[in-house]
Amino acid sequence: MEKSIAELRETFKTGGTKSISWRKSQLKALLQLINQNEDSIFKALDQDLGKSPVESYRDEVGVLKKSVTYTLSCLEKWVAPKKAEVPLLFFPAKAEVMPQPLGVVLIFSSWNFPFTLALDPLIGAISAGNTVLLKPSDLAPACMSFLVETIPKYLDNKAVKVLAGGADIGERLLQLKWDKIFFTGSPRVGRLVMAAAAKHLTPVTLELGGKSPAIVDTLSTTPSKAKVTAKRIVGGKWGPCTGQACIAIDYVLVEEKLASTLIELLKKTIKRFYGENIKSLKNISRIVNKHQFQRLVNLLKDPDVADSIVYGGSVDEEKLVIEPTILLDPPLDSEIMSEEIFGPLLPIITLKNVEESIDFINSKSNPLVIYAFTEDETFKKRILSETSSGTVTFNDSMVQFLCDSLPFGGVGQSGFGRYHGKYSFDTFSHEKSILHRGFYPEIEPRYPPWTDFKLLFLKLAYQFDYFGLILLLLGFKRS
């Protein structure tokens, strides 16, 4: 392990990864890897998570192809130094901001989207000119094996390495010095990563999660909009890895009088999307392992929680499948409402007035996303101004993750740092500020160095920038 990291550091020192040609060649090779191994990727995802080819392409292969292509089209513009404005106080001068790679980067990826969450940060790290060690999750063993075996065949093995292993390997990696750590996973492990990084003052990006709510305020409008709302909630809850996603809808907030309408619409949509019989559910992933399966089953064993089930609840332990399940007003102090669910269970919490949802959300930790289905512009403004979350998406779910022009990341307990598109490049770069000045003109003071007089001019110069030119003409120093 130490030998591999030493090689990454030596490779970075040569400066080869800083050239645009190297960065582009690696990104093109990564795109080639995805294109030439699509079927193998589908097979690995099915083996680890039971993902269908459609889900695998939508959430993994398609996302990565889009990300690489976008990065290649923008890379030269991102790498170029940016001219910065210089106050007249510094005349004559010019300034620029130059992005530079951080160095040797460690990326921890998660098991629920084992290709997207490994390779999308890798795209950003490579585009910024870093060398990288990628540690995939061992909870998706087939996908981990694919990455370990395949990446060295396509990418520069002196600059990009993949390391297999479990928690013990992760702990050893965290003891070493890195120039950046990028982690995707649970808040519990995120705290360990941050504590280890502090020993070396290593900058960290933490992509965590939280209980992301959906506020529903559209059911009293037209029936067609109510159906679209239900369809997008179902897609945003059970579509991404059967709810095993940090951006999946965790629970729904709706007015009491509209709850029954919403539940009926959700039931119909679930049956249409996935079927009714747990033995023959289609287009839905399975739970990743027995441990996570049992954790979710235990959430339903609480008698008061079990009594709140209004749809679903069946489980198939042999296949690690849990039926899409809807719960109406489970106890707010139960574990299902205090911890991130990360599975196919959807609590619906009723309110007297939908605007109470703001206080409800604020009573919990910062969510990664707030989904709000509403056409009330005043209510939208209140959500934006009175809540704190990584992202807000109105009248849809999940789509914000696919938008390269928007940063993706959390705030507070849902993580910090951001990536996707240009934001990935920025995350793995240091913006070096550069100021160019000449030696002339350099005018000596013509007047007696009256301290009070000079101080007055300094105050004016910093308050009104154009006085800087007067200062220079008069020959007053700034120190």
Side-chain angles (χ1 to χ4, degrees), residues 1-34 64 66-84 94-109 118-135 147 151-163 173 176-183 197 200-205 404 407 417-436:
M1 182 187 299
E2 286 78 4
K3 184 178 177 181
S4 294
I5 298 164
E7 185 176 19
L8 291 175
R9 203 163 291 282
E10 284 302 313
T11 301
F12 181 75
K13 285 180 180 179
T14 66
T17 64
K18 295 179 182 179
S19 72
I20 295 178
S21 60
W22 181 86
R23 304 183 204 197
K24 283 190 170 182
S25 70
Q26 297 304 296
L27 291 172
K28 289 175 182 176
L30 190 54
L31 185 58
Q32 189 178 34
L33 182 158
I34 298 164
L64 292 169
K66 176 182 64 66
S67 182
V68 176
T69 303
Y70 180 76
T71 301
L72 280 167
S73 69
C74 299
L75 186 60
E76 291 190 23
K77 184 171 119 178
W78 295 348
V79 171
K82 306 296 186 295
K83 184 178 179 181
K94 63 178 181 178
E96 59 186 353
V97 177
M98 176 186 292
Q100 289 192 319
L102 293 171
V104 183
V105 170
L106 172 62
I107 296 175
F108 285 107
S109 63
L119 300 184
D120 208 12
L122 179 62
I123 291 167
I126 290 174
S127 69
N130 300 279
T131 57
V132 185
L133 191 143
L134 172 63
K135 169 61 179 68
L147 291 170
I151 284 181
K153 298 176 183 177
Y154 289 84
L155 301 185
D156 181 353
N157 194 38
K158 292 183 179 180
V160 179
K161 296 184 181 293
V162 190
L163 191 61
L173 288 171
L176 304 174
K177 187 180 186 306
W178 304 91
D179 298 304
K180 173 79 177 186
I181 298 176
F182 188 102
F183 171 81
H200 299 290
L201 296 179
T202 302
V204 177
T205 293
D404 287 318
R418 54 189 186 170
Y419 73 121
H420 287 185
K422 173 65 160 53
Y423 300 98
S424 291
F425 177 86
D426 293 341
T427 286
F428 292 102
S429 299
H430 165 65
E431 291 190 326
K432 179 187 287 186
S433 57
I434 304 166
L435 180 66
H436 301 270

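Atom set for the values below is all heavy atoms of this structure, side chains included, hydrogens, waters and symmetry mates excluded.
Distance CG/L119 to OG/S109: 8.0 Å, rounded to 0.5 Å. A distance of 10.0 Å separates CD of E96 from OG of S433, quoted to the nearest 0.5 Å. Here L27 contributes atom CG and Y70 contributes atom OH; the two are 14.0 Å apart, rounded to the nearest 0.5 Å. Here H430 contributes atom NE2 and L102 contributes atom CG; the two are 8.5 Å apart, rounded to the nearest 0.5 Å. Of the inter-residue distances, the one linking L106 atom CG with K135 atom NZ reads 9.5 Å to the nearest 0.5 angstrom.
Taking 4.5 Å as the limit, some side-chain heavy atom of T205 sits within range of a side-chain heavy atom of K180. Side-chain contact between V160 and L134 is absent, with no heavy-atom pair separated by less than 4.5 Å. The closest side-chain heavy-atom distance from L173 to I181 is not below 4.5 Å. By the 4.5 Å heavy-atom criterion applied to side chains, L64 and L30 are not counted as neighbours.
The environment of NZ in K66 is crowded: more than 12 heavy-atom neighbours from other residues, nucleotides or ligands sit within 6.0 Å. Residue K422 qualifies as enclosed at atom NZ: its count of foreign heavy atoms under 6.0 Å is above 12.
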What donor-acceptor contacts under 3.5 angstrom involve side-chain atoms of residues 1-10, with partners at least two apart or in another chain?
from, atom 1, to, atom 2, distance (Å)
E7, OE1, K161, NZ, 2.9
R9, NH1, D179, OD2, 3.1
R9, NH2, K177, O, 3.2

Stepwise, does the side chain to side chain contact (heavy atoms under 4.5 Å, CB included) test hold for K94 with K83? CA-CA 8 Å; K94 63 178 181 178; K83 184 178 179 181; 6.0 Å; no
Hey, mind stepping through F12 and K18 against side chain to side chain contact (heavy atoms under 4.5 Å, CB included) and telling me if it holds? CA-CA 8 Å; F12 181 75; K18 295 179 182 179; 4.1 Å; yes
Verify side chain to side chain contact (heavy atoms under 4.5 Å, CB included) between W178 and L133, making sure each step is shown before the conclusion. CA-CA 10 Å; W178 304 91; L133 191 143; 4.0 Å; yes
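In this structure a side-chain-to-backbone donor-acceptor pair under 3.5 Å is missing from T17 to T131. Under the 3.5 Å distance criterion, the side-chain polar atoms of Q32 are left unmatched by any main-chain donor or acceptor of Y154. A donor-acceptor pair under 3.5 Å links the side-chain atoms of K82 to the main chain of W78, judged by distance alone. Side-chain atoms of R23 do not come within 3.5 Å of backbone N or O of I126 as any donor-acceptor pair. Listed for the T11 side chain is a donor-acceptor partner under 3.5 Å among the backbone atoms of K158. The backbone N or O of W22 sits less than 3.5 Å from a side-chain atom of S25, completing a donor-acceptor pair. In this structure, N130 contributes its side chain and V104 its backbone to no donor-acceptor pair below 3.5 Å.
Between L176 and H200 the shortest heavy-atom distance is O-CD2, 3.6 Å. Contact record, D404 with S67: OD2-CA, 4.3 Å, taken as the closest heavy-atom pair. Here the closest non-hydrogen pair linking N157 and P152 is OD1-CB, 4.1 Å. Shown here for F425 and P99, the closest heavy-atom pair between the two residues is CE2-CB, 3.8 Å. Here the closest non-hydrogen pair linking A118 and L147 is CB-CD1, 4.1 Å. The shortest non-hydrogen separation linking A125 to I107 is CB-CD1, 4.3 Å.
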